[in-house]
2 protein chains.
Amino acid sequence: MDIPEARAFILHWGEMGSQWGVNRSVAQVHALLYLSDRPRHAEDICEKLGLARSNVSNGLKELQSYAIVRRVHVEGDRRDHFTAETDLWDMLLKIAAERKRREIDPTIQLLGELADSLEGRADVPAHIRERIGRMHDFIGTLADWYADIRRLPKATLVTLMKLGSRITRFLPGSKP
Amino acid sequence: MDIPEARAFILHWGEMGSQWGVNRSVAQVHALLYLSDRPRHAEDICEKLGLARSNVSNGLKELQSYAIVRRVHVEGDRRDHFTAETDLWDMLLKIAAERKRREIDPTIQLLGELADSLEGRADVPAHIRERIGRMHDFIGTLADWYADIRRLPKATLVTLMKLGSRITRFLPGSKP
DNA sequence: TGCCTATTTCTGTAATTACCGAAACAGGAG
DNA sequence: CTCCTGTTTCGGTAATTACAGAAATAGGCA
């Protein structure tokens, strides 16, 4: 990337990644592919970003596990090439889905077990049981909401988001 | 915390924190306070979690900057005491607000600058300009949505979330 | 005002995580 | 089958981040 704006974008995306628990190189690889209009092979990415081959390889694997980067075949070239999802809605939903699977679902699982284990125990203060139970319910509600909303067509999601709080006007029982 | 379930909760919360870019100790302090029914002073927290005084002090400062922990005065004790927000909706919204302020808003700012700087430049491929512009719009839309939705009463948020995708039934133009 | 206690800041160290380069591995083409 | 190119795994190193303990500061009470 010889365009300074593209470089700035990639660097910033790397920083953002590390603030959200994604390693910097992975985020940079993603940013580079997002800005590319054609598939790139690993060596190419290494060169553009100044990263080691292995690092890029692992990054690509990680990004593919999020399903926001995919391997494509380029005619007449034996090497694997990679492209990024460019639809940002799809990208967001896929990232959310994977983080839910990796982090949220196990958390709900654990909280459920803790809540069960505290059920009807007289030796544990009531507020502990209650707080853990409420956290379990809360995260569960969020996760269910996500799983539900995710199936809506993109256009509907856009409509809902653009509506924002005005959505409440359409709810039954709201003032005209 | 001598209750194993509480201990497990705190440890897990710490792990969750580090996966989301919050340092482990900070998250643990938060978890401990969330499970407490009374304010605790710093020394108390150190002892329960086995952390150094300075670490706890910084953690408390960080949590207060998110406004999910606040300092309270306890009658007849000169030391500062701390309690956590126990309403999980408030907690989530406050965390989101602060992360938006710290990370998202500056990102939007930067993307805006990059987009402006690329405006009408013939030496830059069109797809670069377009991709950066779309990212700017997208994150902007999300941020606006959040700022808007945040002002709704908690009860309304709960209603909307419980509705999930069924909300679309109330949209104008949807089939009965 | 000066002391005592609580709190924060600072600095060095420990632990973690990211990263590179080398070596092993895989899979086609000749 | 064997060579060649590309990919992945592995082990050591560098960089970052978290953390503890000491020193400095602040703030209330006598």
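So that the names make sense, note that chain A is the first sequence line, chain B the second, and so on, each numbered from 1.
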Please name all residues satisfying side-chain hydrogen bond (donor to acceptor under 3.5 Å, both in side chains) with A/D105, sequence neighbours left out, ordered by chain then number. A/K100
Counting only side-chain nitrogens and oxygens, does A/S57 get under 4.0 Å of the OP1 or OP2 atom of D/dT8? yes
Within the structure shown, what part of the strands sits under 4.0 Å from A/G59 by heavy-atom distance: base, sugar-phosphate, or nothing? nothing
With a 4.0 Å limit, can you tell me whether A/K61 has a side-chain N or O closer than that to the phosphate oxygens OP1/OP2 of D/dT7? no
Can you tell me how far C1' of D/dC19 sits from CG of B/L51, to the nearest Å? 9 Å
Would A/S117 and A/R129 count as having a side-chain donor-acceptor pair, cut-off 3.5 Å? no
Base, sugar-phosphate alone, or nothing: which one does B/G21 contact when heavy atoms must sit under 4.0 Å apart? nothing
Which is the 5'-most and which the 3'-most nucleotide of DNA chain C that has an atom under 4.0 Å from a heavy atom of chain B? C/dT5 to C/dT9
May I ask you to verify if any side-chain N or O of B/N23 is less than 4.0 angstrom from the OP1 or OP2 atom of D/dT17? no
When rounded to whole Å, the CG to P distance for the pair B/L49 and D/dC19 reads 11 Å
Is A/D87 salt-bridged to A/K154, going by a charged N under 4.0 Å from an acidic O? yes
Quick one: which of A/V74, A/D44, A/L33 gives a side chain to side chain contact (heavy atoms under 4.5 Å, CB included) with A/P39? A/V74
Considering only NZ, NE, NH1 and NH2 on the basic side and carboxylate oxygens on the acidic side, decide whether A/K94 and A/E85 come within less than 4.0 Å. yes
